[in-house]
Structures are given as C-alpha cells and as structure tokens.
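For reference, the structure is listed below as structure tokens.
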Amino acid sequence: MLDANMPTDQVCLGRKRPVPSCPNPLFLQWLTELRDSAKEKGLKTQYVYQKAINSLKKYPLPLKNGKEAKILQNFGDGICKILDERLEKHYRENGQGPQFSADGSDAPIHLAPSFQRSNMASSKQMEAPTNEPSGNLSEHMKRTQREVRKEKGTKKKREYVPQKRSGGYAVLLTLYRHAQTPGSKGFMFRNELQTEAQPLCEKSFTVPDLGSKYTAWSSVSTLIQKDLLVKTHNPARYSLTDQGLALAEKLDSEETGMAKEHVEQMSEEEDARDGPDVVDLTLEEEEQEEKERCRSSKSLERPATALNVNQARGQISESDAAGKSQTPETGRTAMGWHLPPGSYDIVLCVDVIETTGGSSGRKQELVKELQRNCVTFDIRKLNVGDFLWVAREKVTPVPGQLRPPVGKELVLDYIIERKRMDDLCGSIIDGRFREQKFRLKRCGLRKPIYLVEECGSAAAHLSIPESTLQQAIVNTQVVDGFFVKRVQDVKESAAYLTIMTRYLQKLYHNCTLFCRSRELEGDGGDESEQTANLSCSLMAFTEFNYGAIKNKCQTVREVFARQLMQISGVSGDKAAAVLEHYSTVSSLLQAYDQCSSESEKEKLLSSIKYGKLKRNLGPALSRTIYQLYCTRGPLS
Amino acid sequence: MPAVQRANTWEISDSEEESDLNKPSSSSSGEKKRRRRTQEEVQEEQETRRAAREKQRQEKNKLKEEKLEEQQRRREAAVRVSLFKPENFIKSLTLQIHAALLRDAGCDVLLGTLDGLQWKNCIENQGLPNSIIWTRPALQTEDEAKNGVIEEDQVLMVISHNEFEDMVMSHKTETNQSVPIGVVYEEAESLLQHLYKYLTEASRKFVTVLVISHQQRSGSGDEDHFDFHLSQHHLDTEALYWNVSVNFLFGWQEVTDHVVAVTKAVSKRPYKVLCGEPDLGFCMDGSWSAGVRVDRDGRGLAQVWTRQIQQLNRVSPALAKAVTSVYPSPSLLLQAYEQQPSEEERRRLLADLAVVGGAKERRVGPELAGRIHRLLTSQNPHLLLD
C-alpha cells in the first residue's frame, strides 16, 4: 500500500536526502589503508587514523592538499605530512597540473581505486634498490636505511634499525662494545649502561626534555619488545639477544667505517612504546621518511645533556673500575665522581607523606618545627624510609635560566623510619611492619634508625596489647639490628632530626665524599667500614631512590615462588627448595610431561629436600602441586 | 669368572641330548667325561651361587646399616637444630645482674619474675655498674673465648632519674670543653665515665640505658620534663655514635618487662641465623603469603590459581578473577595458548577479557596479558616481567 504523499518510484526510509559522496576520496582511501594496516598489526595508531577518517567524512569541501587538511579535527602535522607526501608521489606518477589537483573537480586524482592501487604498485617498482653499499652513508642515510631494509628483501619482514645517535642506537652499540671487552660480564646494569651510552646519544638518558616526561631511555622498552634486548634479574641487567648482537655488530661496523657526522635528532615522542627515535614500522617506507622529516622540522636542536661528558669513554671505564674519580676538582665525570670538602651541604630529606595528610594536621607540625629550628631540609618522595640525609653539591644559578642546574647528591648512611604507636599497631596487624623492615634492610644504607613516637602516652586505645608492641620494638632493635630512638611527640621528633642534622653537618665538615655505585660494587665494605660512623664512600641519591622502589620489576622466578606459596603449607623455604629444581613454571611443566605415568607425576616433588634439616617436601604437597598444574579441566 | 656363561640350572642335565645343545661344539667326548665335568661344574655353580647370595646379604645389611646411620644422623641434626630453637636456647642463657642494682628494693620484682620463669640468673660484682647482661655457653659454631662463655651483645644499664641527670650534666660540661665526640677520659668515676670506658673496651655492644623513675609520668606540658628532654638531646649524637639507646620507664615492673622482652628477643636470634630465610628477592611475610587450604581432592585449587595471578604486580582480585573465570586452570590456559597460531596472538590472548567489578580496569589489557604469557612460558627464571 503506498501512501499518496510518497513518490511512486520508491519507498525511502530514513535519510530523505542522498548522502553526498566524499569530496576527498583519495585522502579517504589512503587514510583507510593506513588504518587497516595499523589494525592488522594491532597498533594503537589505527584509532588515530580512524578519528581522522571520521572527521574527513564529515567535511563537505574538497581539500587541495594535506596542509589544507590541517584545519580539520584530528588532523595533526603527522597525518598531513603523510598525505602531502602521498599526494606528491601521486603527482609524480600521474603527472602534475590542474587536471591532477587534489580536489574532486578533476577526475584523474580521484580515479577508481583499482587504478590507484596499480599505480602504487608500480611506484614501488620504481624505487628498486640501487644496491648502494650500506657503509656508504652520507646525508642520504635515511634513504640508505630504507634501501638497506629493501636489500634485506621481503616486504613483509622489515628490519628495525635505530636512528644514529638515538637512544636505541646508543644502547645497542654500548652493549655490543662492552661485550667485546675481555672479561666482560656479558650484561650491564642500568646506571652503568646509561652512563656509557650517553656519549653516543643525542638526547639525555636521565633528564627529560622540556615539556615531556620521556628520555632517551624510553626506547629501551622498544628494544626489548623487538627482541633485541633482554632485561633480567633484580637489580636489572641488560644484555643483547642474538638478533640484537647481529644488529649491533652491523651498527658498530658502520660507525667505525664512516666519518662522524652530526645528524639532526628527532625528539618527538608520539607513542611511548615506540620511543622517540625508533623507526616506525607501522608506516610504509615513504611515510616513515615523511614522519621523520616532519619531526625534524618540528624539533629544535637540543643542547647537550645534563651530564658533562667530556671524558673519553675509555677514561670513564677506568674510573668505573676504580670507583673513585681521577679527574680534577669539578669531579663531574659520569661515574666515579667525588665532592671535595666545602663543595656540598648536608641536607635533611623529608618524605612527602610525612608532611601531608593526617586529620589533626600533626604532620604539618613537624615541618613547622623544623623550620623553627632553622634546619636545612628538602621535601621529596622517598621510596623507602621517612627521613634521610644527602650531601648535595652546591650549585650556582646560571644566568638566564630560572632554575639552577640540578646538583649531584650522595645519600648518607642514616635512614629513619618514623612510627607513631598507632601506626605501629596498624602495620603489625596488616603485615606491613615486617615488609617495611625488610626493605629498609636492603636499601643499601647501613644505619637504619627506628624513631618511635608517642611512647609515653596511654596505650589504652591501641588495638594490640602493650606488651606485644614493646616486644615488637625490642625485636626491631635486638633481632633486626636497628637503632631505636623513643620520643614523646612530634616536637621531640623534630628536635631529634635537628640534632642529627647538625651532628652530621659537623661530622662531615672536612670530608671528601666519593660516589660509590651499588650496582657495580655491591654493598661490600668490610666489617670495619660497615660499623664506622664516618663513611665517605656513598651512593648517589638517584641510584638509591630508584633501587628502593616498592613494586619493583618481578622476575619469573620470584613470581613463581610467590605463586607456590599460595598453597597453604608451602612456606618460603619449601618454595625455595622447589625452585632449586624447577626455577620456572615451564620447566616444572616440562618435567611433568616427561613423566611416564600419573602416579609418577604425583610423586615428582615429594622427595625434594628443604630447610636446614633437609626434610622431604612430602607426598601431600607434591600431589597438590601436581593437581594444580596437571588437571586438564577446571579446578575446584 | 668361570661360571659367567653358565646356563640356568634346569637347562643342564645329565642327559646327553640336552647337554649337547648347551655345551660348546662337542667333540667326541665320552659320557664319563661329560658327567664329571657336569658334576664339577655343578659344584662350582653351587659355590658361586652361595658366594653371590652371601654378597647380596652383605649388601643388604650394609644398606640397612647405612639407613640406620642416616636416621641417626638426622636425629642428631634435629636435636642440634632444636637446641637453637628459642624455647630451648633461652634455657642456656644466664642473666648477670650487677650487684649495685640490689641496692634498690624494687629489684626484687625482677629477680622474682626471673625465678618464676625459671631463667638462670646470678649476681655479679664486676663489669659495668648497674648493668644486666646475658651470657651463655659457646655453640659449636662459635670460637670459644673465656672458658667457652659468650656474652651477648645486648647490655642494659638501669639507673635512676637523678643518676641520669648527672650523666647529662657531666656530658654537657665535657662537650663544652670541646672534646671531640668519642674521646674518653682516663679516670672512670661517674657512671658516664664507666659507660664510656666499657664501650671503648668491649667490642660491638648495644647498650640500652633504662632510666627508672618512681614519679608519675607527666604530660609533655610539664616544664621540668620539657627542659629535661631537651637537654637530653645533647646525648643523642653521642648515643648514636656509641649505639646507646635510652628508654624512660616507670617502676621496676616496666624494667622487668623490658628485661623479659630483650631476653626473648635474644633467644630468637640464633635460630633465625641458623635456618635463615631464603632470599628470593621479596619479603616472606605479608598479607599475600597466607596460603589457601587445599584438601586431598584438590578442592581449593581454584582459589589458589586466582591468587596466583594476583602475585603479579598491579593485579587486583577482580583482574585475576577475569582471567581465571575464563580459564579455570593453568592447564586450560596453556592449552589455549597452544591453539594460537602465533606468538603474538598468544601474548594477546587474555588482553580483551572483560573485568567485572574492577575499580578502573575494564579489560585485562595487553600489558598484563603479555606478562602472564611470559610468566607461564619463559624458560629464563631471571627474565623480568615488567
């Protein structure tokens, strides 16, 4: 039944006006291709392209070029450059001229997709490899890179090559060279690697550029993802994989083969994963070039890094080994530096948490008291402990810069954990107490102090009996070896901190302090050094604070142990015993696979010896673990 | 050995045909010869069999003995270790109380308590005045010194409030004479001097000075109290230098409680040192370490599995549940991994699982999915997951 009002030829539902075709079909098509390619690879940039597509679809007017497209939402410099480049290429293939403009009025630009595609295909053929040897690099390095990649052959597997003097480049090269030195341990620690790689990298590994929180170091995670680098152990060790070794070898031969040039560095970080200087494999080669060109036009030449790296690498390695600096007064070499007397201040560091929060505002009182006592202190985030002291290099502000340069800091051996009685109760109940002490013991500072507050006040309203609390405090002193200072209230805590600060200032008055690297030298020190009150070989504050992070990176082994302990009856030493035989989940599973019967699997772990007395783990636990890992169906 | 090649008993018989089969190429040997040989052989065989049996028996006995020895060794080791256990170790301690403390009648409280606990104690005239120390016989592992008697490193010094004020005063005058920290005077007259002397002569002692007062403890508003505590701070730096701790207590009961607490703490140490805690890189204690009870049939393992996922950093219970509700056993998850065509897809298998009830997460996410995959498949125990 047709309604009399409706046109007789058809029934239209929905939209009454025909949808106009997109006035920029080429751009639309290219963006769609880019999006699909990114989607295939599971990359986040697919969403970026999608947003651009959505905006483009809504725009009713033809665009002449990528630059014009910038006015649209979600069209940033990157995409516009890409489109312009594509357009350029398109002109090259199809000739230029009014009939080939980007807008919809002239046909050839907006030819049917099939035509476009065949053009693109031919364009690829046009850029056949010129067989330039990869060593012959000049300012055409980027193109050579592309050609190198082409030489490698397949269009599918593109080889990743980091930009020269980028973070990834410097890291790979440094690890490679380090591994070549005789007696090398085969891996490098974080600080060590950063320090030695810094001279090879344009951007700082430690100080982020203005307006960004990323440093050149962020490319390391990309290297790991690409399976060129592997990060193991706690504290972290970095080493090359076989692929990484091969690539680094190549980079090394290129570097030594060619004259060193200053290549302008890109410093945009679009995707944290990718890192700023990484070749972006999501883009096709031409697009990658475009992106790089786009970056280069954006970036400024960054000034040299914060660390003054005038020293040749060789010298740095030497001073590493010695641990002490062999350079003159400023002592600003990358590692193994020192602070001569008078060049530093002893400053009390107060953890941020100690100054904020708390309903009664008691925490602010601490700060006020310190101020009243005219103590030099600095509030900062400490990853362990509540108070400590640093020897901070005196720095003079540089004219023209608002913020004075960051002075180097060494952390003194004393670290204070402040505990009010109610805090102590709470932390005993929820298990934090032991864990905090554990972390304090491992932080590298040799003189932990437990500052217990409100000792005198009535313990009536505490959730744990007084005797238990007192036992806990005594245990901390006797068993854990901490120095215990008891005070009545916040004011006394502040007084104690004041006295301590003045004492340390006096103590270190005429001392030269040396930077000790914990990762390289370990906690070391013989007995005498450990008990000595005046230690002049100290850790850098940055290394200390970084090493004390709470939720550190976990190793496979560590997590496996914790997982085993989720079974009641599996204690730490039992888990450790199992780990002696099967240090990873997969090795345990493999062992189960190699058993010839279920019964054998069940008994696999029962005779593992654990503990001081070398007792058997027993058939019951062995069976439980077997059930956990070998039950084919769901668990109950 | 001649009988090595011998056949089984029943294969050898006197009958000619059978023996023909077993003997090496028989030449024209007469019946008699064969029989004799057989008889000799039989005798030989019997002897060797006897010898073998004897050997077997000996070996069996040996094994039995070894097992018994092993058990004996284990028992002894267990006994040795149990000596270290706090409840046993504490019995080997003797509290030495300096005679000066007896001057105060309140000391009876301490002595009475110690006797009640049946802890060994004695009165000593020598040593640091007003001190309480712990001695015990040296363990096998320790170097024997002074007739095999070891003094523990913890030392208590019980002094009155007045005595403490004197200490502070004399310390003040000393510091005013700008003597560098740590220098000790020759004559040891005051308690402070005694303490200094003791600290310089004895190695690595941890002294806690218990200042006993018999007055009511007043709040910090009290003037005297306030000034006093401030002046006490002059001692702080010395105290830190010498590892001396100060504790203000009210009455001999509190002193006794403290002595008891230190004794218990001291008794805990040797066992801890002996057995030690395995250093797996994390603290063994904590709310995470309480295990789930699993019965013989494996009931409870589902919860274990979920808790296992939570052991990774930054995994909430909701997040863990998201994984284990779809893959209710490690095996099922691993089977699912195997079915994936590529490594990449294995890594991302869990990424899109929806999280119910999570605080901020809506899905598991590729990062955690990757970590779980690495955890279950990596062969490198030291590989970092984060």
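The figures here come from the full heavy-atom set of this structure, side chains too, leaving out hydrogens, waters and symmetry mates. Protein chains get the first letters and strands the later ones, always in sequence-line order, with residue 1 at the start of each.
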Side chain to side chain, K612(A) and L274(B), heavy atoms closer than 4.5 Å: yes
Separation between CD of Q477(A) and OG1 of T208(B), rounded to the nearest 0.5 Å: 4.0 Å
Note, P381(B) side chain near T555(A) side chain (heavy atom, < 4.5 Å): no
Structural part of T377(B) lying under 4.5 Å from a heavy atom of chain A: backbone
Test item: Q563(A) side-chain N/O and Q311(B) main-chain N/O as donor-acceptor pair under 3.5 Å: no
Largest heavy-atom contact set with chain B, pairs under 4.5 Å, which of R557(A), K437(A), R432(A): R557(A)
Sub-4.5 Å side-chain heavy-atom contact between V556(A) and N380(B): no
Q308(B) vs L628(A), side chain to side chain contact (heavy atoms under 4.5 Å, CB included): CA-CA, chis, key distance, verdict: CA-CA 11 Å; Q308(B) 285 195 334; L628(A) 171 65; 3.3 Å; yes
Side-chain touch Q310(B)/Q566(A), heavy atoms, less than 4.5 angstrom: no
Atom pair CZ/CG of F560(A) and L280(B) - distance to nearest 0.5 Å: 11.5 Å
Atom group of K552(A) that falls short of 4.5 Å from chain B, counting heavy atoms: backbone
Residue pair F282(B) / F438(A): nearest heavy atoms and the distance that separates them: C-CZ, 3.3 Å
Residue L588(A) versus chain B: region with a heavy atom under 4.5 Å: neither
R615(A) atom CZ, neighbour heavy-atom count above 12 within 6.0 Å: no
W288(B) side chain near M565(A) side chain, heavy-atom distance below 4.5 Å: yes
Contacting moiety of L504(A), where chain B heavy atoms sit under 4.5 Å: neither
Selection from C275(B), G281(B), A77(B) maximising heavy-atom pairs under 4.5 Å formed with chain A: G281(B)
Interatomic distance, R80(B) atom CZ to L613(A) atom CG [nearest 0.5 angstrom]: 9.5 Å
Which portion of A236(A) sits near chain B, non-hydrogen atoms under 4.5 angstrom: both
Contact origin within V244(B) toward chain A - heavy atom pairs under 4.5 Å: backbone
Whether over 12 other heavy atoms sit under 6.0 Å from R632(A) CZ: no
Side-chain heavy atoms of P330(B) within contact of L635(A), under 4.5 Å: yes
Greatest number of heavy atom pairs closer than 4.5 Å to chain A - which of D153(B), D257(B), N243(B): N243(B)
Between E435(A), R237(A), E558(A), the one whose heavy-atom pairs under 4.5 Å with chain B are most numerous: E558(A)
Crowding at CZ, R434(A) (>12 non-hydrogen neighbours, <6.0 Å): no
Check: R269(B) side chain, V478(A) main-chain N or O, donor-acceptor pair, under 3.5 Å: yes
R623(A) portion near chain B, given a 4.5 angstrom heavy-atom threshold: side chain
T631(A) portion near chain B, given a 4.5 angstrom heavy-atom threshold: backbone
Side chain / backbone / both / neither for V479(A) at chain B, heavy atoms under 4.5 Å: both
Max heavy-atom pair count under 4.5 Å with chain A, selected residue of H258(B), R293(B), K268(B), R296(B): R296(B)
Residue among R299(B), R371(B), Q335(B), K272(B) with most heavy-atom pairs under 4.5 Å to chain A: Q335(B)
When C283(B), A265(B), A290(B) are compared by non-hydrogen pairs under 4.5 Å with chain A, the top option: C283(B)
Atom NZ of K85(B): over 12 foreign heavy atoms under 6.0 Å: no
Segment of R502(A) engaging chain B (4.5 angstrom heavy-atom cut-off): neither
Atom pair OG/CG of S221(A) and D386(B) - distance to nearest 0.5 Å: 12.5 Å
Approximate separation, where rounding is to 0.5 Å, of Q303(B) CD and I567(A) CD1: 12.0 Å
Taking every non-hydrogen atom, the tightest pair across Q627(A) and G298(B): OE1-CA, 3.4 Å
Contact leader toward chain A among E152(B), R74(B), R348(B), Q154(B), where contacts are heavy-atom pairs under 4.5 Å: Q154(B)
Spacing of S571(A) atom OG and M284(B) atom CE [to the nearest 0.5 Å]: 9.0 Å
Engaged part of L579(A) at the chain B interface, taking heavy atoms whose separation is under 4.5 Å: side chain
Exam field: side chain S586(A) to backbone S378(B), donor-acceptor pair closer than 3.5 Å: yes
Chi angles and distances behind the side chain to side chain contact (heavy atoms under 4.5 Å, CB included) call for Q590(A), Q379(B): CA-CA 10 Å; Q590(A) 255 176 22; Q379(B) 300 191 329; 3.1 Å; yes
Contacting moiety of V266(B), where chain A heavy atoms sit under 4.5 Å: both
Which portion of F483(A) sits near chain B, non-hydrogen atoms under 4.5 angstrom: side chain
K264(B), NZ: over 12 other non-hydrogen atoms inside 6.0 angstrom: no
